2 protein chains.
Amino acid sequence: MSNFEAFFDYIQEISGKMLSEEDKLLLTEHFKPKKLRKRQYFLQEENVCRYIGFVVKGSARTFTVDEKGHENVLKLSLENWWLADFESFYLLTPSRFNIEALEDMEVLQTTNAQIEEFLKHIPAFSAMANIINQNYTIANQKRMQAAFSYTAEERYEDLISNYPHFLQRFPQNMIASYLGLSPETLSRIRKNSFK
Amino acid sequence: MSNFEAFFDYIQEISGKMLSEEDKLLLTEHFKPKKLRKRQYFLQEENVCRYIGFVVKGSARTFTVDEKGHENVLKLSLENWWLADFESFYLLTPSRFNIEALEDMEVLQTTNAQIEEFLKHIPAFSAMANIINQNYTIANQKRMQAAFSYTAEERYEDLISNYPHFLQRFPQNMIASYLGLSPETLSRIRKNSFK
DNA sequence: TTTAGGTCAACTCATTGTCTTGACCTAAAT
DNA sequence: ATTTAGGTCAAGACAATGAGTTGACCTAAA
């Protein structure tokens with residue numbers, strides 16, 4: 001049904017290791033394909049994030065809603081990204097985040113307990129996990145730093161050089177929120193940058 | 001925060017019994033107010049329905065999605081109705097139903113285990129539960145019968161005489177689906193009934 | 001062989017979402 | 001004290017979506 005091949009390729013590519021047939025079988029058995037329709041939630045705030053999802057198709061946003069009902073986008077996800085609130089997922093605490101499909105999606109999802117098994121038994125998976133965690137850490141650090149020391153314009157330039165496809169896939173107001181800008185400011189920045 | 005008064009009134013009115021202050025305290029402690037935004041799901045298919053919800057404000061639909069992606073509305077809910085897939089809720093089996101907010105909603109929700117407590121300790125609650133179950137059974141029976149023996153037009157007439165406010169609160173295509181009609185057919189029925 | 005009602009396609013109209021623009025405000029940095 | 005970056009508010013343009021209607025046609029059961 002769902003395309004596990006892309007998932008296997010992804011693991012092998014990131015980890016630099018091969019998956020055996022048994023590995024693949026294990027993964028296929030315990031990653032459950034799930035379809036989300038546009039606007040459907042993968043995770044709703046106040047719930048525990050019981051599943052981690054690998055995006056096969058579609059896009060999503062992770063966001064919070066503050067007291068005033070204002071939405072704050074923390075993460076934008078596309079194909080070959082992971083969906084989860086890791087804090088909630090690992091500690092089983094209620095999440096403050098919402099993860100919402102922005103398009104119809106296909107996701108492969110599994111539980112915390114299963115992830116432990118994969119880490120133990122599948123070398124490629126475990127290698128991948130390490131690399132991903134490193135990448136996330138670096139990316140987050142960069143983002144934090146950028147938020148403090150870069151101007152709005154620089155952050156935008158940074159985004160388009162690192163993730164040029166974001167502009168095609170995500171509405172501009174969500175990118176603005178992701179960059180910590182008002183939609184108006186981003187609109188003006190874009191206008192100016194056409195010179 | 002949320003309006004428990006309406007909930008208390010409802011219980012007392014249906015059951016014909018009074019709630020003591022302790023009863024109210026127990027209910028307030030264990031029914032958690034929850035806000036749903038329009039299009040948010042109270043329950044998604046394949047999940048276990050862990051909560052039952054009392055609608056304080058807003059409206060919702062219970063529907064299934066068949067293999068062809070066609071949505072089938074089974075229930076329309078307004079203020080002072082209950083939200084749950086009772087089969088899933090009582091048996092803890094994965095649900096085939098989706099329950100989706102059609103407007104921003106305020107719901108009071110609690111768990112199966114808590115309901116047991118209420119039934120044991122709150123006479124008014126237990127009396128209410130009995131009456132509701134009876135009403136549901138009767139209503140379902142009528143609906144089944146209607147589906148088989150009435151024409152589309154009769155079912156529509158029946159609906160507007162029993163629930164005239166549905167027309168104001170729910171989009172016509174959902175009412176059509178609820179009646180087991182195509183939207184086109186309902187549209188034509190309404191046109192004719194203006195004579 | 002009529003009839004009830006479904007399916008498909010096209011069109012209208014209202015609603016919502018997205019982006020842009022101008023006017024104005026504020027806080028920090030000169 | 002005043003420039004500057006960027007936020008807030010309000011209005012408007014435009015596109016996309018959703019809801020309702022209508023006509024044409026099809027099918028199964030009475």
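All of these numbers come straight from a predicted model, not from anything done at the bench. Every heavy atom of this structure was used, including side-chain atoms; hydrogens, water molecules and symmetry mates were not. Every chain is numbered from 1 and lettered A, B, ... according to where its sequence line falls, protein lines coming before strand lines.
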Quiz item: Think B/Lys191 has a side-chain N or O under 4.0 angstrom from the OP1 or OP2 of D/dT22?
Solution: yes
Quiz item: Can you tell which of C/dG17, C/dT21, C/dC19 lies closest to the side chain of B/Arg39?
Solution: C/dG17
Quiz item: How long is the line joining NZ of B/Lys38 and C1' of D/dA19, in whole Å?
Solution: 11 Å
Practice problem: For B/Glu184 and for B/Ala152, locate the closest nucleotide of DNA chain C by heavy-atom distance; then report the residue assigned to the nucleotide nearer the 5' terminus. | Solution: B/Ala152
Quiz prompt | Spacing between A/Arg155 atom CZ and D/dA5 atom C1', to the nearest angstrom | solution = 10 Å
Quiz item: To the nearest Å, how far apart are A/Ile175 CD1 and C/dT20 C1'?
Solution: 16 Å
Exercise. Answer yes if the ring centres of B/Phe31 and B/Tyr51 are under 6.0 angstrom apart, and no otherwise.
Key: no
Exercise. Report yes if the distance between the aromatic ring centroids of A/Tyr10 and A/Phe54 is under 6.0 Å, otherwise no.
Key: yes
Quiz item: The side chain of B/Thr151 lies closest to which of these nucleotides: C/dT18, D/dT17, C/dG5?
Solution: C/dG5
Quiz item: What is the distance from CD of B/Glu103 to C1' of C/dT16, rounded to the nearest Å?
Solution: 16 Å
Practice problem: Give the rounded distance in Å between these two atoms: CG of B/Asn72 and P of C/dG6. | Solution: 12 Å
Practice problem: Determine the contact category for B/Leu186: base if any of its heavy atoms lies under 4.0 Å from a base atom, sugar-phosphate if only primed atoms, P, OP1 or OP2 are that close, otherwise nothing. | Solution: nothing
Exercise. Could you pick out which residue, B/Arg188 or A/Ser182, lies toward the 5' side of DNA chain D when each is mapped onto its nearest nucleotide?
Key: A/Ser182
Exercise. Identify the nucleotide, in any strand shown, that forms a Watson-Crick or G-U wobble pair with C/dT16, with both distances under 3.5 Å; if there is none, say none.
Key: D/dA15
Quiz prompt | B/Asn192 CG - C/dA4 P separation (whole Å) | solution = 11 Å
Quiz prompt | Nearest to side-chain heavy atoms of B/Asn173, which nucleotide of C/dC19, D/dG6, D/dG20 | solution = D/dG20
Quiz item: Can you find a side-chain donor-acceptor pair between A/Asn98 and A/Glu45 that sits under 3.5 Å?
Solution: yes
Quiz item: Roughly how many Å is it from CE in A/Met174 to P in C/dC19, rounded to a whole number?
Solution: 9 Å
Self-check item: Residue A/Glu29 excluded, over 12 heavy atoms near CD under 6.0 Å
Solution: yes
Quiz item: Charged N to carboxylate O below 4.0 Å: is that the case for A/Glu46 and B/Lys34?
Solution: no
Quiz item: What nucleotide among C/dG22, D/dT22, D/dG7 has an atom nearest to a side-chain atom of B/Ser187?
Solution: D/dT22
Quiz item: Between C/dG5, C/dT20, D/dG6, which nucleotide gets closest to the side-chain atoms of A/Gln172?
Solution: C/dT20
Practice problem: Can you tell me the distance, in whole Å, between the CD atom of B/Glu154 and the C1' atom of C/dT3? | Solution: 15 Å
Practice problem: Can you tell me the pairing partner of D/dT27 across any strand shown, Watson-Crick or G-U wobble, with both distances under 3.5 angstrom? | Solution: C/dA4
